[in-house]
Amino acid sequence: MNRKKLTVKLALATCAMAMCVSANAQWTGYAGIKPEMSEFYEPVPPVVTPGVVLNDGGFTAPSDAIVLFDGKDLSQWESVKGGPAEWTVKDGVFTVDKTKGDIQTKQKFESYQLHIEWRVPENITGESQARGNSGVFMQGMYEIQILDCYNNKTYVNGQTGSVYKQTTPLANAMRKPGEWNVYDIIYTAPTFKKDGSYRTRPTVTVIQNGVVLQNNTTILGTTEYIGFPQVKAHGAGPIILQSHGDPSEPISFRNIWIREM
Ligand code: MG
């Protein structure tokens with residue numbers, strides 16, 4: 001190394017060291033800062049009494065939830081075609097009536113935590129998408145698939161817990177036909193620009209039977225059977241439950257509640 005280069009290198013090293021010392025000289029640690037200076041006491045989160053855990057894996061509504069089905073009737077629901085929701089209610093459970101079409105909540109929602117329990121009948125038949133197919137549509141636009149995926153092969157972006165034809169679930173956490181499956185869905189509604197495109201996209205987290213299937217997944221647009229996601233500006237929307245046209249035995253629901261966020 002020639003002298004000139006060495007001099008420059010030494011100068012740089014000295015300079016770096018000086019900066020270090022200088023930074024160290026200014027470091028005062030947390031002197032004068034007390035723990036309580038980074039603690040606050042308001043606003044106080046509301047007290048929520050949790051629901052009851054059922055011995056078959058279900059979970060009843062916490063105290064601040066809107067109960068969308070309490071086992072008695074479908075008064076919170078209506079037919080998507082108009083008129084009352086006419087699926088069958090019996091023994092604290094309601095069952096899809098495929099002759100009546102989809103049903104939706106009367107109330108419209110933006111962002112929320114949704115709890116919904118569903119059961120594939122023990123005598124289910126069929127295969128792939130024609131086996132216990134239903135679905136939960138958020139804001140009437142975006143389907144989280146419900147399907148009997150217990151030993152049933154189908155396209156993976158259409159299996160249980162998929163954002164239908166968009167995002168494959170991270171796991172298959174199905175309980176077998178005849179047992180209750182539990183969905184906890186945390187959904188954030190999109191916002192839109194004036195031109196109708198997303199300013200912020202919708203996102204969803206889906207947990208089935210305590211297993212994460214979707215982790216804050218970005219929804220790309222509507223969940224189309226044929227074709228690709230479309231972006232359509234919308235406001236608050238209902239939760240729709242799908243009456244799928246396949247010939248397999250209809251599935252049942254119970255214990256549906258929602259907490260708006
Ligand atoms: Mg479906």
Side-chain angles (χ1 to χ4, degrees), residues 68-69 74 77-81 85-88 93-105 109 114-121 124-177 179-185 187 202 204-209 211 213-214 217 219-230 232 237-254 256 258:
L68 295 173
F69 179 65
L74 289 170
W77 300 79
E78 62 190 4
S79 167
V80 167
K81 295 183 223 161
E86 295 184 315
W87 291 6
T88 314
V93 167
F94 69 89
T95 301
V96 179
D97 182 335
K98 296 192 184 188
T99 67
K100 306 288 185 186
D102 298 352
I103 64 169
Q104 64 185 14
T105 53
F109 301 98
L114 172 67
H115 177 98
I116 184 161
E117 299 176 16
W118 51 277
R119 182 181 62 191
V120 174
I124 191 77
T125 58
E127 57 183 39
S128 187
Q129 294 285 305
R131 187 181 171 93
N133 196 330
S134 183
V136 187
F137 286 76
M138 298 157 300
Q139 297 194 293
M141 311 282 283
Y142 313 113
E143 181 182 9
I144 297 298
Q145 177 68 300
I146 288 178
L147 188 71
D148 178 23
C149 281
Y150 189 84
N151 292 333
N152 176 34
K153 194 173 178 184
T154 189
Y155 45 92
V156 295
N157 61 344
Q159 75 176 65
T160 301
S162 60
V163 178
Y164 184 67
K165 287 212 174 170
Q166 291 184 25
T167 308
T168 305
L170 295 167
N172 180 341
M174 284 296 300
R175 291 196 175 122
K176 62 179 186 246
E179 296 182 3
W180 286 98
N181 286 278
V182 179
Y183 263 1
D184 287 290
I185 296 174
Y187 171 70
V204 69
T205 293
V206 180
I207 300 170
Q208 182 188 13
N209 304 327
V211 178
L213 306 190
Q214 300 287 345
T217 301
I219 297 172
L220 304 173
T222 57
T223 47
E224 304 288 334
Y225 174 46
I226 298 171
F228 297 95
Q230 295 180 21
K232 296 174 182 170
I239 293 156
I240 295 177
L241 297 180
Q242 186 182 45
S243 165
H244 194 268
D246 76 83
S248 71
E249 297 71 15
I251 73 162
S252 300
F253 295 90
R254 72 171 188 191
I256 307 176
I258 192 167

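All ligand and atom numbering here is 1-based and tracks the order in the structure. FYI, the numbering just counts along the sequence from 1.
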With a cut-off of under 6.0 Å to the ring centre and 45° to the axis, is K165 in cation-pi contact with F228?
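Pair K165/F228 does not count as cation-pi.
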Cationic tip of R175 within the cone over W180's six-membered ring, i.e. under 6.0 Å and within 45° of the normal?
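No, R175 does not lie over the aromatic ring of W180.
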Short check: any N/O/S atom of N133 below 2.8 Å from the Mg ion (ligand 1)?
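Looking at N133, which is the residue asked about, there is an N, O or S atom under 2.8 Å from the Mg ion (ligand 1).
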Verify the distance test for Q129 against the Mg ion (ligand 1): any N/O/S atom under 2.8 Å, yes or no.
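False for Q129.
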Donor on one side chain, acceptor on other, Q145 and T160, under 3.5 Å:
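No, no side-chain donor-acceptor contact under 3.5 Å.
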What angle sits at the Mg ion (ligand 1) between OE1 of Q242 and O of S134, to 10°?
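Taking the Mg ion (ligand 1) as the apex, I get 80° for this pair.
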Please give the atom name: the N, O or S atom of E143 nearest to the Mg ion (ligand 1).
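The atom in question is OE2.
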Before accepting this row, confirm whether a basic side-chain N of the pair D148/K176 lies closer than 4.0 Å to the acidic partner's carboxylate O.
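No, this pair does not count.
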